[in-house]
Protein chains: 2
Amino acid sequence: MAKDFHGWEAVAVRTVPQGADLRSLRKARGLTLSEVAGELGRSVGWLSQVERDISVPEASELRRLADIFGVPVSLFAAPAARGEEQGRIVRAAARRAIGERTPGLIESLLSPDLTDAFEVIHSTFQPGASRHEPVQRPTAELAMIIEGRLDVWLGPDKFTIARGDAVRVRGEPLRWANPYKSPAVAVWVISPPVY
Amino acid sequence: MAKDFHGWEAVAVRTVPQGADLRSLRKARGLTLSEVAGELGRSVGWLSQVERDISVPEASELRRLADIFGVPVSLFAAPAARGEEQGRIVRAAARRAIGERTPGLIESLLSPDLTDAFEVIHSTFQPGASRHEPVQRPTAELAMIIEGRLDVWLGPDKFTIARGDAVRVRGEPLRWANPYKSPAVAVWVISPPVY
DNA sequence: CCATGAAAATCTTTCGCCATTTTTCATCGG
DNA sequence: CCGATGAAAAATGGCGAAAGATTTTCATGG
C-alpha cells in the first residue's frame, strides 16, 4: 500500500500506515465510524478504509481528525522509523511529539503506535514549571524519574521523587511542580492509553 | 489488620498487606485457590483469607508459595514503603528484587505491587552478559534504554539501541546481549504482568 | 480512479443458565 | 481465646443464542 516510488519519500508526510492509530484514538474516545465520518463530512466506508490504510485522508482532514480527537497534529506528522525498525524501534530522535498541553511539560511518545494496552511517554518537566490544576484520569499510571527531581501531589499528599524513584497513580488527582534548577525527566506509563 | 504495636515493626518482615500480590501471581498463572491450597496442604478458606490479608502465612509457607509461583522469595521479603508512600511511591533503594533469572541481568520492580494491568521493571544488563535462548511471551512489552547500549534481536532482526531509544516487543522471540563496556539500564514495561 | 451508500459480514452486548470459584461463618481443636 | 476448617452462601466466569450495532465489502455513479 505504501507508495514508495518517485520522490515521494522526501516529504515530511508519514509514508507508513497510521490508520491503526486513528482507530485507537477513536476507540479510546468511544466513538463510532459514523460519528467521526459525520463530523468530517465523509462516508463511513471511506473512514473505515482510512483506518485500514486503504484510503488516505488529505492533510486538512488529518488536521480535523486531530481536532476531533483532541490531539496535536504533530502526533501524526512525526517521521516514523524505516525498514525493520518500523513499529518496533523508536529512536530518541524520532519520537512523536505530543503537544505541550501544560506549559513547561514536554512530552513525546516512546510507543511506536497507540495500539497497545498501555502507552509510554517521555516527559520533561522544565525547571520552574508546575501544574496547579490536578489531572484525574480513569487510568493506572506509573512514572519513573530518570533525571532530576520532581514534586508530585497525589490528592492531598505531597512527595518529592528523584532519579530512580517511581510513583504510581490510580485515578487519584495528580499535580506536580519542578521548583528545582534542572529539568526533571520521567518515563511515564499510562494504561489504558489516553492518546 | 496490620499489627503495628509494641516492637513488631523492627523486624525484616513486611508488615503491610501483600495478599493482593499473591492473588495476582496466582491469577496470572491461571490457578485456583483450591489448587494452590491443596499444593500447600491448607484449606481453601484460609488461603482466601491470606490473599485478603485476613490471615497470615508462615515464613515457610511463603517460601513454598514463591516456589509454586516460580518467583524468588525476595519478591515478598523486600522492605516496603511506609506511611503515605505505601503503595504509591517506590524509592530507588527500596525496590523489590527479582531473581537474576538470566545471569548478568539484574531486575527490580518499579511497580509498588503486581495488581495493575502492566508491570514496570528496572533492568540492568551487565557488560558482557547475554541471553542466547530467546524468550517469547504472550505479552506486549516496551523498553526504553536509560543508560548504555544494548543489542536486541526480535526474531531474526538485530537492533542496537542506546540511551533514549525504545523497543517494543509483541510476542516475538527476544534475545539480547550487552557486548559493550558499560552496563545497559532499561525501564521495561510488560502487559499483562508476568510476575 | 475514487467516493458513496446499501448489503453483507463481523463484532459487541445481553441474557439465561450452569459450573466453578471465592467468601462467609458456625464449629472444632489446640 | 485464637485461628483453621469445611460446609453453605455468594459471587464470578463461561457458554450459546438472539438482538443490536458497527464495520467491511462491493456494485454503481460521478
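Side chains included, hydrogens not; waters and symmetry mates left out as well; all remaining heavy atoms used. Convention: sequence-line order gives letters A, B, ...; per-chain numbering from 1. Everything quoted here is computed from the prediction, not taken from an experiment.
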Q: Determine the minimum heavy-atom distance between B:P103 and B:A129, stating which atoms define it.
A: O-CB, 4.0 Å
For atom [atom1] of [X] and atom [atom2] of [N], their distance in whole Å:
X: A:I54; N: C:dC1; atom1: CD1; atom2: P; answer: 16 Å
X: A:E58; N: C:dC2; atom1: CD; atom2: C1'; answer: 12 Å
X: B:R26; N: C:dT21; atom1: CZ; atom2: C1'; answer: 9 Å
X: A:E35; N: D:dT23; atom1: CD; atom2: P; answer: 9 Å
X: A:L31; N: D:dT22; atom1: CG; atom2: C1'; answer: 13 Å
X: B:L47; N: C:dT24; atom1: CG; atom2: P; answer: 14 Å
X: B:E51; N: C:dT22; atom1: CD; atom2: C1'; answer: 10 Å
X: B:L40; N: D:dA4; atom1: CG; atom2: C1'; answer: 13 Å

Q.
Taking B:E141 first and then B:R168, would you say they form a salt bridge - that is, a charged N and a carboxylate O separated by under 4.0 Å?
A. no
Q.
Out of the candidates B:R95, B:H122, B:R101, only one should pair with B:E107 under the side chain to side chain donor-acceptor pair (under 3.5 Å) rule; please name it.
A. B:R101
From C-beta outward on [X], which listed nucleotide comes closest to its side chain: [options]?
X: A:R23; options: C:dG5, D:dA4, D:dT23; result: D:dT23
X: A:S48; options: C:dT4, D:dT24, C:dT23; result: D:dT24
X: A:Q49; options: D:dT25, D:dT23, D:dT5; result: D:dT25
X: A:V44; options: D:dT24, C:dA3, C:dT22; result: D:dT24

[N] phosphate, OP1 or OP2, under 4.0 Å from [X] side-chain N/O:
X: B:R52; N: C:dT24; result: yes
X: A:W46; N: C:dT4; result: no
X: B:K27; N: C:dT22; result: yes

(Q) If you assign each of A:R42 and B:T32 to its closest nucleotide in DNA chain C, which residue comes earlier from the 5' end? (A) A:R42
Q. So, the side chain of A:S48 versus the backbone of A:V44: is there a donor-acceptor pair under 3.5 Å, distance only?
A. no
Q. A:W176 vs A:F125 aromatic rings, parallel, tilted or perpendicular, using cut-offs 30° and 60°?
A. perpendicular
